[in-house]
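Report on the following structure.
Every value quoted in this text rests on a predicted model; they were computed, and no experiment measured them.
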2 protein chains.
Amino acid sequence: MSTTGLYQDQHLEINLPQAMVSVDEQRLILTRKEFELLAMLSANEGEILPRNVLLDRIWGYSEEIRTRTLDVHIRRLRKKLGLYGDSYIQTIFGVGYRFQRFREPRALISYQSPLFAATA
Amino acid sequence: MSTTGLYQDQHLEINLPQAMVSVDEQRLILTRKEFELLAMLSANEGEILPRNVLLDRIWGYSEEIRTRTLDVHIRRLRKKLGLYGDSYIQTIFGVGYRFQRFREPRALISYQSPLFAATA
DNA sequence: ACATAATTTACAACCTTTTTACAAGTTGGA
DNA sequence: TCCAACTTGTAAAAAGGTTGTAAATTATGT
């Protein structure tokens with residue numbers, strides 16, 4: 001996300017100042033928390049945001065508080081992002097989450113080793 | 001809305017200097033408060049106007065005042081805007097309202113997976 | 001395999017908006 | 001002035017949306 005508060009790629013468009021998000025030209029209705037979460041993640045595109053940082057900044061929770069609230073909100077956000085939810089919001093196990101720019105899925109290349117080629 | 005105080009799209013026309021509003025070529029009779037509300041919203045097309053801002057600017061109410069007056073006026077305005085009322089004036093839950101340019105409703109695309117096509 | 005972490009579902013509490021109805025206030029004309 | 005029509009604000013009920021948590025399930029790393 002740039003300093004203008006805009007993010008755009010092939011599928012997703014985020015306009016922070018106008019609080020508008022769309023996926024494939026389709027407007028998304030996000031709740032405040034969902035929006036804040038996406039805003040914070042996307043504003044730090046590519047960076048890992050630790051759970052405690054997110055819980056602190058968005059919820060004002062201190063480290064001690066044990067909750068699954070963040071996870072549930074991540075889930076709701078991913079769901080609203082539809083097909084691409086999982087690819088935009090990546091889980092860093094044991095650490096937190098990271099927003100990632102859309103990457104065209106790679107075509108899988110089947111490589112058949114000649115050494116193991118079926119002998120018909 | 002431009003600096004000329006004019007707004008126009010496929011269905012709605014707002015002329016602030018002349019205090020004229022029409023929907024589908026049909027003149028609309030708005031009360032003063034309704035007009036002020038529409039004027040303020042449309043002048044800030046695309047921007048979220050928080051409740052407290054609207055209540056302050058249009059009613060001179062301070063933050064402390066708890067009232068449903070704004071909501072009721074929004075309702076009356078939407079109603080007069082007819083079919084498009086809801087699409088022009090968007091509710092931002094817990095925040096305020098936003099005027100949005102008319103958007104052609106998306107045609108839904110029915111996609112029948114070949115995998116599940118009925119076999120006649 | 002184990003312990004730990006994340007995902008997912010469902011639900012209840014809470015809060016906000018919508019809607020209806022009414023009464024008070026205002027305006028303009030007879 | 002008085003009336004009728006219109007405007008406006010408020011109350012209250014209904015409807016709707018948001019959020020956090022619990023609990024079961026699934027995934028991950030060692």
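- Atom CZ in A:R78 sits 14.0 Å away from atom NE2 in A:H73 (nearest 0.5 Å).
- If you take CZ of A:R66 and C1' of D:dA22, they are 16 Å apart, rounded to a whole angstrom.
- Rounded to whole Å, the distance from CD on B:E34 to P on D:dG9 is 11 Å.
- Rounded to an integer number of Å, the gap from NZ of B:K79 to P of C:dT20 is 6 Å.
- Between B:T67 and B:R51, the closest heavy-atom pair is O-NH2, 3.6 Å.
- In this structure, B:Y97 reaches the C:dT18 phosphate: one of its side-chain N or O atoms is under 4.0 Å from OP1 or OP2.
- Put simply, A:W59 has no side-chain N or O that comes within less than 4.0 Å of OP1 or OP2 on D:dT19.
- For D:dG17, the base has no donor-acceptor partner in the side chain of A:R32 [N/O atoms by modelled type, under 3.5 angstrom].
- Judged by atom type and distance alone, A:R75 does not reach the base of D:dG20 through any side-chain donor-acceptor pair under 3.5 Å.
- Contact check, A:R76 against D:dT18: no side-chain N or O comes under 4.0 Å of OP1 or OP2.
- OP1 or OP2 of D:dC6 has not a single side-chain nitrogen or oxygen of B:T31 nearer than 4.0 Å.
- Side chain of A:N15 to backbone of A:Q18: a donor-acceptor contact under 3.5 angstrom is found.
- An OP1 or OP2 oxygen of D:dT10 is reached within less than 4.0 angstrom by a side-chain nitrogen or oxygen of B:Y61.
- The distance from atom NZ of A:K79 to atom CG of A:D86, rounded to the nearest 0.5 Å, is 12.5 Å.
- Side chains of B:F99 and B:L12 form a contact here, defined as non-hydrogen atoms less than 4.5 Å apart.
- Residues B:Y7 and B:R101 are in side-chain contact: their nearest non-hydrogen atoms beyond the backbone lie under 4.5 Å apart.
- Between B:T67 and D:dT10 there is a side-chain polar atom (N or O) within less than 4.0 angstrom of OP1 or OP2.
- Taking atom CD1 of B:I65 as the reference point, atom C1' of D:dG9 lies 12 Å away to the nearest angstrom.
- Regarding B:L70, its CG atom lies at a distance of 14 Å from the C1' atom of D:dT8, rounded to whole Å.
- Between A:H73 and D:dT19, a side-chain N or O to OP1/OP2 separation shorter than 4.0 Å is absent.
- Each of A:D86 and B:D86 was assigned the nucleotide of DNA chain C with the nearest heavy atom; the assignment lying further toward the 5' end belongs to A:D86.
- The distance between atom CG of A:L54 and atom C1' of C:dA5, rounded to the nearest whole Å, is 16 Å.
- Going from atom CG of B:D71 over to atom P of D:dT10 covers 12 Å, rounded to whole Å.
- Atom CZ of A:F93 is separated from atom C1' of D:dT30 by 11 Å (rounded to the nearest Å).
- In this structure, B:T91 reaches the sugar-phosphate backbone alone: every heavy-atom distance under 4.0 Å involves primed, P, OP1 or OP2 atoms, never a base.
- Of the side-chain N and O atoms in A:R51, none sit less than 4.0 angstrom from OP1 or OP2 of C:dA5.
- OP1 or OP2 of C:dT17 sits under 4.0 Å from a side-chain N or O of B:R68.
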